[in-house]
Trainee: 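To start, I am sharing the structure in question, which I have written as structure tokens.
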Amino acid sequence: MDPAAMSPPPAGISLRHLLMALGDTLVEVQAAPAGLDVEIRGVALLDPEDPPTAQRGELVLVIGARGRAAFPALRAAARDGAAAVVVKLDGPGQVAALSETAAEAGVALLSLRGEARWEQVNALARAALDDAPPGHPGERAEEGDLFSLAQTTAVLTSGIVSIEDAANRVLAYSRSTDSDEIDDLRRRSILGWQGPEAYLVKLREWGVFQHLHSSDQVIGIDSHPELGIRRRLAVAIRSGDRQLGTIWVQEGSTPLSEHSEQALLGAARVAAHHLVRRRRELSEDLTLTRTLLAGLLEGSTGPQPLATHLGFDASLPAAVLGFSYGTAGVAGPEPSHVGAAPELTHTEVTNLISVHIAARHRSARVTQLDPRIYVLLPQLPRSIDTDTLRGWCQEITDAARRHLGLPLRGSVGCLVSGLGDAVESRRESDRVLDAMMGAGLPTAVAALPDIQAEVLISEMLTLLAAHPEIRDPRLTALVAHDSRHQGRLAESLLAYLNAFGDVREAATQLHVHRNTLRYRIRRAEELTGLDLSRPDQRLLAMLQLRLPPTG
């Protein structure tokens with residue numbers, strides 16, 4: 001038999017871990033029909049002049065074939081069992097067609113960002129594969145390593161070992177065949193995955209935590225039969241000056257070994273490597289979640305990658321809440337955060353939103369797309385309505401004013417039938433926020449039905465501002481005349497039109513005499529040639545004169 005045939009297959013990594021290695025600055029997920037845990041076993045470079053073939057489990061880099069030209073390579077890679085295909089896109093219009101083909105073929109599709117280089121992806125992907133640990137692809141090896149380390153430390157110390165993080169949560173522990181050896185503290189810590197508060201109070205009183213926080217030396221805790229605590233040793237797990245966790249060794253039916261302290265010091269240093277890696281991978285996982293969430297809300301990524309990554313049911317209703325903070329248009333005292341560092345304020349607001357919405361909906365996810373903060377609400381019950389979401393939004397804005405002194409605006413996007421339409425809900429929430437800020441509305445929370453007229457007027461004004469060619473040049477000239485002569489003709493004409501031609505009411509609003517207002521209206525008509533008896537000219541004037549002077 002060929003010896004090569006007996007060798008184990010090369011170690012692989014999951015698509016999820018590959019995306020963490022590459023980062024969102026290089027690639028973006030467009031489709032992942034088999035999920036993000038598919039195994040990547042190798043990397044293949046496919047040149048346009050080569051026959052379109054691939055090996056099972058490969059990541060295929062389609063070099064030199066952009067957009068639609070990549071269709072043959074995509075289909076061939078799927079046919080040959082490739083795990084994922086990377087292509088460059090010429091424009092956003094190609095995403096839907098390529099993603100649909102990839103979904104039908106059952107292969108993941110990644111798009112390479114325009115400024116990225118193929119050699120970067122190739123080098124990083126191969127490095128990630130070279131670093132892959134043996135075992136199941138994507139397996140979080142550090143958990144197994146920590147349990148193995150706990151067991152090894154137990155053998156070396158003749159004790160019973162548990163490893164905790166900095167918040168006293170149990171991460172791993174050694175096995176014990178005799179339950180009588182385990183004291184009450186260890187039993188309750190393992191069952192609850194955290195030390196019981198009453199015992200933690202005692203350890204604080206005895207100065208144990210203070211020692212662990214400031215020293216990397218082993219500390220001993222005497223037995224306390226009245227508390228159900230046997231003798232134990234503890235040592236901090238440190239990375240530089242930061243405490244990452246603690247290793248505890250409880251004495252069982254036999255005394256701890258002579259070299260227990262030395263073994264415990266070594267175990268703490270080994271554990272530090274595992275916990276540093278754990279923190280890094282958790283950070284990478286959070287980055288991937290934010291990237292997929294941003295892609296969904298911006299419409300550049302479909303729902304399936306995020307749904308697979310977080311275990312969401314994409315077929316259930318969803319909605320998006322939008323938030324923006326500032327002082328314009330919101331009644332109340334000046335916020336205490338005016339003048340504070342923007343990044344500090346943004347972090348506090350994001351944390352406040354996250355805490356409040358998590359209490360209402362377990363699956364909620366919060367992200368920032370400058371300058372706004374959005375809440376994705378997936379997997380909503382089919383019975384939920386806009387009034388409920390408006391209430392959640394109101395609770396958040398009330399809390400921001402109460403606790404942060406910040407006038408936060410909130411908008412409720414439309415309820416959509418599935419996660420794939422979340423981008424539509426986000427767009428509606430933006431329309432509402434734009435109108436609230438532009439019109440200076442005093443309300444802090446709104447949905448589209450609440451301010452439909454204001455939203456439509458805001459969008460018409462945006463259109464007029466962006467397209468000078470569709471404005472009435474006579475009104476533009478009137479505004480320019482006021483600017484040159486410090487006049488108030490345009491302002492007076494708008495007040496007159498807003499009052500439906502009621503001179504008394506318009507004059508009162510402007511704080512001028514009625515005759516003064518009549519003169520200004522006649523003067524405006526003379527300068528512009530407008531015929532205010534015509535409804536269409538009155539309507540256009542009411543809209544265009546609402547533009548800011550710089551418009």
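Scope of the values below: all heavy atoms of this structure, side chains included, with no hydrogens, waters or symmetry mates.
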Trainee: Would you check if there is a donor-acceptor pair between the side chains of Ser411 and Glu428 at a distance under 3.5 Å?
Mentor: no
Trainee: With sequence neighbours left out, what residues match Arg427 under side chain to side chain contact (heavy atoms under 4.5 Å, CB included)?
Mentor: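 Scan of Arg427 (side chain to side chain contact (heavy atoms under 4.5 Å, CB included), adjacent residues dropped) gives Val423, Glu424.
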Trainee: Can you see which heavy atom on Ala422 is nearest to which on Leu376, and at what distance?
Mentor: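 Heavy atoms of Ala422 and Leu376 come nearest at CB-CD1, 3.9 Å.
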Trainee: State, yes or no, whether a side-chain contact exists between Leu369 and Glu298 at a heavy-atom distance under 4.5 Å.
Mentor: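 Yes. Closest side-chain heavy atoms under 4.5 Å.
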Trainee: Just wondering, more than 12 heavy atoms not from Arg402 lying within 6.0 Å of its CZ?
Mentor: yes
Trainee: Take Leu489 and His481 through the side chain to side chain contact (heavy atoms under 4.5 Å, CB included) test and state the conclusion after the steps.
Mentor: CA-CA 9 Å; Leu489 298 181; His481 178 275; 4.0 Å; yes
Trainee: Side chains of Ser492 and Leu510: does their closest heavy-atom pair fall under 4.5 Å?
Mentor: yes
Trainee: Are any of the side-chain nitrogens in Arg360 or Glu395 under 4.0 Å away from the carboxylate oxygens of its partner?
Mentor: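 Yes, charged N to carboxylate O under 4.0 Å.
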Trainee: Does Leu288 reach the side chain of His309, with side-chain heavy atoms less than 4.5 Å apart?
Mentor: yes
Trainee: So, Glu28 and Ser300: side-chain donor and acceptor under 3.5 Å apart, yes or no?
Mentor: yes
Trainee: Would you find a donor on one side and an acceptor on the other, under 3.5 Å apart, between the side chain of Glu39 and the backbone of Ser14?
Mentor: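 Here the side-chain-to-backbone pair does not exist.
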Trainee: Is any NZ, NE, NH1 or NH2 atom of the basic residue among Asp482 and Arg488 found under 4.0 Å from an Asp or Glu carboxylate oxygen of the other?
Mentor: no
Trainee: Name all residues meeting the side chain to side chain contact (heavy atoms under 4.5 Å, CB included) criterion together with Arg79; count only those two or more places apart in sequence or in a different chain, and write none if there are none.
Mentor: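 For Arg79 the side chain to side chain contact (heavy atoms under 4.5 Å, CB included) partners, ignoring immediate neighbours, are Thr53, Ala76.
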Trainee: Taking Asp472 first and then Arg474, would you say they form a salt bridge - that is, a charged N and a carboxylate O separated by under 4.0 Å?
Mentor: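 Arg474 and Asp472: salt-bridged.
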Trainee: Using a strict threshold of under 4.0 Å (side-chain N to carboxylate O), is an ion pair present between Arg522 and Glu525?
Mentor: no
Trainee: Do Asp398 and Gln394 have a side chain donor and acceptor closer than 3.5 Å?
Mentor: yes
Trainee: Between Arg372 and Phe323, is NZ or CZ placed under 6.0 angstrom from the six-membered ring centre and within 45° of the ring axis?
Mentor: no
Trainee: Do Asp387 and Arg390 sit within salt-bridge range, that is, some charged N less than 4.0 Å from a carboxylate O?
Mentor: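 Counted as a salt bridge, because a side-chain N and a carboxylate O are separated by less than 4.0 Å.
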